[in-house]
Amino acid sequence: MVEGIQSETLKLDGLSGSKFLKINAELDGVETDKSKKKQQSAADLNCELHGGPHPNEYSELIYWRDIPSDASFTSPFYSPKSQEQRHGESNTFWKTKYLTFEMDSSGWNNMRLGLENVMLMAHAMGRTLVMPPKRQLAHGLRDGTGRKVVSFSDFYDVSAIDAEQSGLNIISMEQFLKREAMNGNLKGQYPPDNRINWDNQNLHTLWTYISNVTEVFGWHPNECILAIPGHDSDEQNLLVMMDDILNGKDGRPFPHPSEYQGKPTRVDAPTVERLREVLAGRKKMCLYDKYTHSAHDVVHFRADETDGTRLITQFYAFLWFEDWKQDLWAKRFVRDHLRYRDEIMCLAARIVTSIRAHVRQRDPSNFNGDYDAIHVRRTDFSSQFPDTALSADEILSQIQQTVDSSSTLFIATDEHNRTFFREIEAVFDVKYLGDFSSEISSINPNCFALVEQIVASRSRVFIGTFYSSFSAYIMRLRGYYSVKEHRDGYKSGRLRDTYYIPSKYKNVMRMYQSVQPPFFARDFPPAWRDIDHHEFASSKRTS
């Protein structure tokens, strides 16, 4: 599965990303001091420094919440004495635990899935997260310097997340190698050529070294769930619980995802019931227990396409928490903190505002400026998933089943040849991201796809391409907005006016369904349904 969306860019050749690069220059090291008060938290959004728009216009894009006490929540495995270091020095008395990982080699949305998993694993395991070096982005676009080199800080405010979250410490690979490898703490082996800065280098050599000096977990998300015990847990009891389910000890057969269609398990249900729902056919539990924690100072997660361990899966389909409150915290953490940087959100807000103004000008009776959207995934996708290789006429036919022909239709796509959409343009008033070249000229072009996701998520009707992690994330965003706005079906996780192509998957989002393979193909309601059921303290919606 290779997922890497690019915007329709016929008008965009040569656009500069220099302003974006300048903004992010100070983030490369990802080194923060949690004792220093941040001027702005990761939950805030302020477009004043990013060209607007007015708060009345960007407030509709805010789906996250500010829950201060969530930031103080720590895992049962977290030890402040060992994990909280200053000045980048090696901790010689209290041994620091680390988690290293490889940036997925495919496009942005597969990278995003991997990051969600490892960031939550690092927190759950009480380990310092080591961010990988910058590298060329697969399917990427060249920025103002002519390069396609990116880091996660280009898309998320990683420094703010690190500074705010008590139980999560984040450092760069360069800091990790300087702190541990160059002090001989990684099995006495030093990095190749004693290099500590691997940005935009051949990372195969680095990852081979890291794999040799760390514990590499071969957990396969399609074969097992990763179980995280709660506080004061009898860890072996979780394995016994799993065996009881496998052996049908309570007289029930092994659970099937179809049992939960339209019937979600309560988020605070007994542990065994929550476990049964998430299994989705998997008959193995990968348990992170006290022994695993103490035995391995550094654990590493690979992104190898050949061994089945790539974390191309929804985080809530792989990570399972014995404590239901920790499970909900993890889902809120992704919603409230792993959101795109301000400059991306604010640009999307300006484009949404422009589209709504255009719609109202076309039809004054459309007071809200409602528009519709579709994501059409093409290029290499057609060979990977042939049933998504629809002609323009077939796509038009499916759009017309749910979208009125008088509508303005925003198309997000990786198809560079706009003539492909001529039949659709003949029926609908069509807008592409490329139609807003003056707005997007100041941002790194590798953020275009992220802007498209936000714009598409605010549409009245949205149609996605099944199997696409780009479309899947839009579905999740619409789930967040559904809860915020109390839309029809939000209590059960159903999404109205949200569909898929090809037609056999058209209505999968219109009924609650539990996680089921293939886990990358779509997002599922457990990501957003009732995740505020328990909060560690009062919270507020940011504005």
> Listed by chain and number, what are the side chain to side chain contact (heavy atoms under 4.5 Å, CB included) partners of E48, not counting sequence neighbours?
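Here the qualifying residues are N46.
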
> Just jot down the ring-ring contact (aromatic ring centres under 6.0 Å, His included) partners of F410, sequence neighbours excluded, or say none.
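F410: no ring-ring contact (aromatic ring centres under 6.0 Å, His included) contacts found.
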
> I'd like to know if E485 and R496 make a salt bridge, using a cut-off of under 4.0 Å between side-chain N and carboxylate O.
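Salt bridge flag = no for R496 with E485.
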
> Do L396 and F428 come within less than 4.5 Å of each other through their side chains, counting heavy atoms only?
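In contact.
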
> I'd like to know if the side chain of K331 and the backbone of P526 have a donor-acceptor N/O pair within less than 3.5 Å.
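Yes.
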
> In terms of ring plane angle, is the pair F301 and W219 parallel, tilted or perpendicular, where the classes change at 30° and 60°?
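Rings of F301 and W219: tilted, as their planes differ by 30° to 60°.
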
> Taking the side chain as C-beta and beyond, is there a heavy-atom pair between D154 and N446 under 4.5 Å?
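The answer is no, as the side chains (C-beta and beyond) never meet within the 4.5 Å cut-off.
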
> Kindly indicate whether the side chain of F217, heavy atoms from C-beta on, has any atom under 4.5 Å from the side chain of T309.
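Result no, sub-4.5 Å side-chain heavy-atom pair not found.
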
> Report yes if the side chains of Q314 and V515 come closer than 4.5 Å at any heavy-atom pair, otherwise no.
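They are not in contact (no side-chain heavy atoms under 4.5 Å apart), so the answer is no.
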
> When you measure from the centre of the six-membered ring of F420, is the NZ or CZ of R378 under 6.0 Å away and within 45° of the axis?
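Yes, R378 lies over the aromatic ring of F420.
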
> Per the salt bridge (charged side-chain N to carboxylate O under 4.0 Å, His left out) rule, what does the pair list look like for residues 395-409, sequence neighbours excluded?
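Salt bridge (charged side-chain N to carboxylate O under 4.0 Å, His left out) check on residues 395-409 returns no pairs.
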
> Taking only Lys NZ, Arg NE, NH1 and NH2, and the carboxylate oxygens of Asp or Glu, determine whether K491 and D530 approach each other closer than 4.0 Å.
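Result for this pair is no, no salt bridge flagged.
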
> Sorted by first residue and then second, give each salt bridge (charged side-chain N to carboxylate O under 4.0 Å, His left out) pair with at least one member in residues 498-526; sequence neighbours left out.
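Found D387-K504, R476-D523.
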
> So, Y499 versus Q401: side-chain donor-acceptor pair below 3.5 Å or not?
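On atom types as modelled, these side chains do not qualify, holding no pair under 3.5 Å.
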
> Just to verify, what does H54 make a side chain to side chain contact (heavy atoms under 4.5 Å, CB included) with, not counting sequence neighbours?
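Listed in chain order: N56, E57.
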
> Between S151 (side chain) and K134 (backbone), is there a donor-acceptor pair under 3.5 Å?
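Not confirmed, S151 side chain does not pair with K134 backbone.
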
> For this output row, return yes or no: ring centroids of F466 and Y505 closer than 6.0 angstrom.
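Aromatic pair counts; centres sit under 6.0 Å.
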
> With sequence neighbours excluded, what pairs up with T208 under the side-chain hydrogen bond (donor to acceptor under 3.5 Å, both in side chains) test?
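Applying side-chain hydrogen bond (donor to acceptor under 3.5 Å, both in side chains) to T208 gives none.
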
> Sequence neighbours excluded, which residues qualify as side-chain hydrogen bond (donor to acceptor under 3.5 Å, both in side chains) partners of Y512?
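Scan of Y512 (side-chain hydrogen bond (donor to acceptor under 3.5 Å, both in side chains), adjacent residues dropped) gives E277.
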
> Between Y156 and F152 (judged by ring centroids, cut-off 6.0 Å), do the two rings come close enough to count as a pair?
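So the answer is no for these two rings.
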
> Are Q516 and Y260 linked by a side-chain donor-acceptor pair shorter than 3.5 Å?
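Looking only at side-chain atoms, Y260 and Q516 do not form any donor-acceptor pair under 3.5 Å.
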
> Identify, with sequence neighbours excluded, every residue that meets ring-ring contact (aromatic ring centres under 6.0 Å, His included) alongside Y490.
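ring-ring contact (aromatic ring centres under 6.0 Å, His included) list for Y490, sorted by chain: H486.
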
> Taking the six-membered ring of F470, is NZ or CZ of R377 closer than 6.0 Å to its centre and within 45° of its axis?
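Not flagged: R377 not positioned over aromatic ring of F470.
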
> Between T408 and R362, does any side-chain donor sit less than 3.5 Å from a side-chain acceptor?
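The criterion, which ignores hydrogens and geometry beyond distance, is satisfied for R362 and T408.
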
> Would you please name every residue forming a side chain to side chain contact (heavy atoms under 4.5 Å, CB included) with S365, sequence neighbours left out?
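So S365 forms a side chain to side chain contact (heavy atoms under 4.5 Å, CB included) with D363.
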
> If we only count heavy atoms from C-beta on, is the P445 to I440 side-chain gap below 4.5 Å?
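When only atoms from C-beta onward are counted, I440 and P445 do not touch, as no gap falls below 4.5 Å.
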
> Mind checking what makes ring-ring contact (aromatic ring centres under 6.0 Å, His included) contact with W207, not counting sequence neighbours?
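Listed in chain order: H300.
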
> Answer whether the closest heavy-atom distance between the side chains of I374 and Q398 falls below 4.5 Å.
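The answer is no, as the side chains (C-beta and beyond) never meet within the 4.5 Å cut-off.
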
> Between Y316 (side chain only) and F524 (backbone N and O only), is there a donor and an acceptor less than 3.5 Å apart?
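Yes, the answer is positive, given that a donor and an acceptor are paired below the 3.5 Å cut-off.
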
> My understanding is that only one of I312, T306, T313 makes a side-chain contact (heavy atoms from CB on, under 4.5 Å) with R310; could you say which?
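Of I312, T306, T313, side-chain contact (heavy atoms from CB on, under 4.5 Å) with R310 is met by I312 alone.
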
> How would you list, by chain and number, every residue that makes a side chain to side chain contact (heavy atoms under 4.5 Å, CB included) with N222, sequence neighbours excluded?
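N222 satisfies side chain to side chain contact (heavy atoms under 4.5 Å, CB included) with H220, F519 once adjacent residues are dropped.
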
> Return the set of residues passing ring-ring contact (aromatic ring centres under 6.0 Å, His included) with F333 (not counting sequence neighbours), or none when no residue passes.
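Here the qualifying residues are W329, H337.
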
> Would you mind reporting whether R332 and I531 have side-chain heavy atoms less than 4.5 Å apart?
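Yes, side chains in contact.
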
> Would a 4.5 Å heavy-atom cut-off, applied to side chains only, mark F101 and L115 as touching?
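Yes - at least one pair of side-chain heavy atoms lies under 4.5 Å apart.
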
> Under a plain distance cut-off of 3.5 Å, with no hydrogens placed, do R478 and S459 share a side-chain donor-acceptor pair?
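Yes, because at least one side-chain N or O of S459 sits under 3.5 Å from a partner of the opposite role on R478.
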
